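Throughout, protein chains are lettered first and strands after them, A, B, ... in sequence-line order, and every chain is numbered starting at 1. Only heavy atoms go into these numbers, but all of them, side chains included; no hydrogens, no water, no symmetry mates. These figures come from a predicted structure and were not determined experimentally.
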Number of protein chains: 2
Amino acid sequence: MTASAPAPDPVDVVRRFNRSYTQRVGALDESFLGSGMPLGRARLLYEIGVEPGTTQDLRTRLGLDSGYLSRLLRDLEADALVTVEPDPADRRRRTVALTDEGRQAWGDLERRSAERARGLVEPLTARQQSRLAAALAEADLLVRAATIELETVAPAADLARRAVRAYVDEVGARIGGTGTFDADEALADDAARLVAPRGAFVVATSAGSPVACGGVQTLGPGVGEIKRMWVDDAWRGAGLGSRLLRHLEQVARELGHTELRLDTHEALTEAIAMYERAGYRRIERYNDNLHATHFFSTEIREFPRRGVPGRRRVGPCLPHPT
Amino acid sequence: MTASAPAPDPVDVVRRFNRSYTQRVGALDESFLGSGMPLGRARLLYEIGVEPGTTQDLRTRLGLDSGYLSRLLRDLEADALVTVEPDPADRRRRTVALTDEGRQAWGDLERRSAERARGLVEPLTARQQSRLAAALAEADLLVRAATIELETVAPAADLARRAVRAYVDEVGARIGGTGTFDADEALADDAARLVAPRGAFVVATSAGSPVACGGVQTLGPGVGEIKRMWVDDAWRGAGLGSRLLRHLEQVARELGHTELRLDTHEALTEAIAMYERAGYRRIERYNDNLHATHFFSTEIREFPRRGVPGRRRVGPCLPHPT
DNA sequence: GCCATTCTCTGACTAGAGTCAGAGACCATG
DNA sequence: CATGGTCTCTGACTCTAGTCAGAGAATGGC
């Protein structure tokens with residue numbers, strides 16, 4: 001009686017997957033990979049191994065209580081896995097680093113983690129293994145894309161500067177003639193135009209690093225322009241561009257615009273395809289930008305904003321050695 | 001400098017995914033969901049809601065200590081979320097069911113869980129959502145397939161009977177003329193032929209339910225035959241058939257066979273494709289099975305077993321000869 | 001040099017999760 | 001109906017994770 005392909009609700013699929021996955025893969029996780037080391041200590045050890053730092057640093061990275069961290073460190077130190085020394089820069093806090101023995105224990109966690117992944121994959125035929133790898137790689141990209149943070153920042157902020165530099169590098173590489181397009185010049189321009197009340201600059205970050213950016217500036221009454229639209233190469237195909245574009249449109253609405261224009265270069269084919277998919281139409285050249293060959297415009301009306309990012313609870317960073 | 005497509009190791013992909021997923025989705029977090037209910041209790045309540053059962057039942061499903069379960073149930077009962085009554089069939093154990101209030105609490109957990117999944121999916125564009133759903137559905141199938149248990153059981157055991165019934169139903173439906181192919185008759189045959197030392201019967205189970213099966217019997221000196229090969233519809237495309245086939249070949253080797261034959265019906269096209277992929281060659285009819293139209297054979301030599309199941313952790317289901 | 005602030009450590013405490021060894025109820029069988 | 005085996009419950013216990021308040025050292029601004 002049921003239809004043959006009832007268009008599965010992504011929410012149900014996620015839940016179903018989560019159930020299988022945690023039951024069958026995560027279950028073994030609990031007693032920390034059979035290393036005999038309690039979860040908390042293993043997490044801390046792993047984090048120190050990834051990047052040593054001050055106590056304060058580790059506390060914020062792992063979201064631990066200072067008393068709790070202190071105790072965990074004492075245990076690790078007692079087992080000669082870490083060294084803890086006063087930080088010369090501020091002798092209230094201390095710096096932590098792995099000992100040789102600690103590095104060995106870290107490697108052990110690492111090995112156990114790989115072992116476990118191998119245990120999951122091994123029973124499958126080679127064909128199924130590569131199918132699983134492909135599916136998980138795709139899911140990984142999309143999950144990471146879904147949990148990205150979009151924030152409006154000042155173009156002069158460090159995060160924004162890093163993003164714009166990446167943008168300039170890429171545009172330079174793609175359209176050739178690097179000399180003609182200068183990062184410092186771009187940054188100076190942005191600092192003036194992409195700030196409230198006449199503009200805005202948005203950076204998408206994943207685990208603190210910029211992975212995409214875009215700005216809005218004002219061309220005239222009710223008319224805005226999208227600038228500096230960039231998505232990191234490694235994040236192509238995750239819909240980040242479309243999402244950012246929708247977000248920028250909302251930002252433009254809030255700035256009072258009803259039309260949004262943009263220019264781009266014919267070499268940036270994915271970008272052009274994305275603009276067209278998003279309903280942008282080709283228009284005549286509207287500026288004298290030497291780097292632009294294609295020009296687009298769209299109307300932006302008021303309508304209730306859909307799933308724009310928002311506040312995601314940051315979970316504790318679990319130790320899954322990569 | 002690096003190659004553009006370096007054929008990713010599935011193990012690395014799994015680890016990478018696991019890291020992103022647990023960090024960002026909080027797979028372990030599936031517990032609390034901010035309901036204020038402790039993890040253990042929430043898990044139990046949820047499981048009872050999925051399917052009420054006896055205490056024993058729940059204990060094996062969740063892998064809990066009997067004392068611990070008893071306490072958890074007492075707590076749930078004190079909160080009037082469940083009713084616990086002696087099982088009329090065996091009054092040592094008790095049956096557990098949700099009260100109305102319990103059903104409400106269950107619905108609450110359910111809602112929180114869906115809410116959480118929605119939170120993950122929501123920021124994505126519709127296109128990315130369905131890509132994520134497709135990737136996770138594929139990964140789900142393969143993860144479940146990878147964690148299946150293959151065990152040799154007596155054909156008379158309950159597990160085996162259920163599998164054979166499913167096999168008979170499906171073959172009947174696929175080749176038409178149900179009346180001619182009888183489950184009881186098949187079961188009676190199997191009980192005699194698919195047991196050591198002349199044969200074997202293997203059932204693949206997932207979470208205690210049979211999802212595939214297959215048997216080996218002896219035709220003559222060194223010659224075995226594969227019988228009752230079946231894979232549940234919902235598990236098609238996960239390589240289960242191939243894996244089971246490899247396993248049965250190993251079983252046949254251990255029975256001393258060097259050639260393996262099988263018959264099948266032309267309507268079972270996927271099965272035929274699989275046999276061919278596995279190196280089976282068409283041969284002439286070698287029996288008078290009315291239900292068979294195609295006949296295959298292969299040589300099975302001794303060689304070091306590849307990723308054949310072997311020593312996977314054996315569940316609580318012990319083989320009981322009846 | 002003074003003082004509020006910032007930082008870490010310590011001890012005391014709670015709650016959850018789980019184990020273990022009996023005690024006692026219940027069952028199947030000869 | 002006796003007996004061995006199976007099942008659940010109870011109490012006593014351990015371990016991990018995490019919170020909280022206060023002591024004391026170091027810092028930065030004045």
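Counting heavy atoms from C-beta outward, A/D87 and A/Q56 have side chains that stay 4.5 Å or more apart.
As rounded to whole Å, 13 Å separates atom C1' of D/dT14 from atom CZ of B/R71. In this structure, the CG atom of A/D90 is 12 Å from the P atom of C/dC9, given to the nearest Å. One interatomic measurement links the two molecules: CZ of B/R74 to C1' of C/dG18, which rounds to 15 Å at whole-angstrom precision. A straight line from CG of A/L69 to P of D/dA17 spans 13 Å, rounded to a whole angstrom. Look at CG on A/L76: it is 13 Å from P on D/dT16, rounded to the nearest Å. With rounding to whole Å, B/L64 atom CG is found 12 Å from D/dT8 atom P. Distance CG (B/D65) to P (D/dC13): 17 Å, rounded to an integer number of Å. Atoms CG (A/L72) and P (D/dT16) sit 11 Å apart, rounded to a whole Å.
Taking side-chain N and O atoms only, B/R93 has no distance below 4.0 Å to OP1 or OP2 of C/dA25. Using a 4.0 Å cut-off, some side-chain N or O of B/T55 falls inside it from OP1 or OP2 of D/dT8. Within the structure, every side-chain polar atom (N or O) of A/R91 is placed at least 4.0 Å from both OP1 and OP2 of C/dC7.
Residue contacts shown for B/R59 are limited to sugar-phosphate atoms, with no base heavy atom under 4.0 Å away. Using a 4.0 Å heavy-atom cutoff across all strands shown, B/G67 reaches at least one base atom of the nucleic acid.
For A/S66, taking side-chain heavy atoms from C-beta onward, the closest of the listed nucleotides C/dG18, C/dC9, C/dC7 is C/dC9. The B/P38 side chain lies nearest to C/dG16 when the options are C/dG16, C/dC7, D/dT8.
Although no hydrogens or angles enter the test, the distance criterion places no donor-acceptor pair under 3.5 Å between the side chain of A/R162 and the main chain of A/P210. Judged purely by atom type and a 3.5 angstrom limit, A/T147 uses its side chain to pair as donor or acceptor with the backbone of A/V143.
On a pure distance criterion of 3.5 Å, no polar donor-acceptor pair joins the side chain of A/R92 and the base of D/dT27.
Contact detail for A/A160 and A/A154: the closest heavy-atom pair is CB-O, 3.3 Å. Heavy-atom minimum distance, B/A145 versus B/A238: CB-CB, 3.6 Å.
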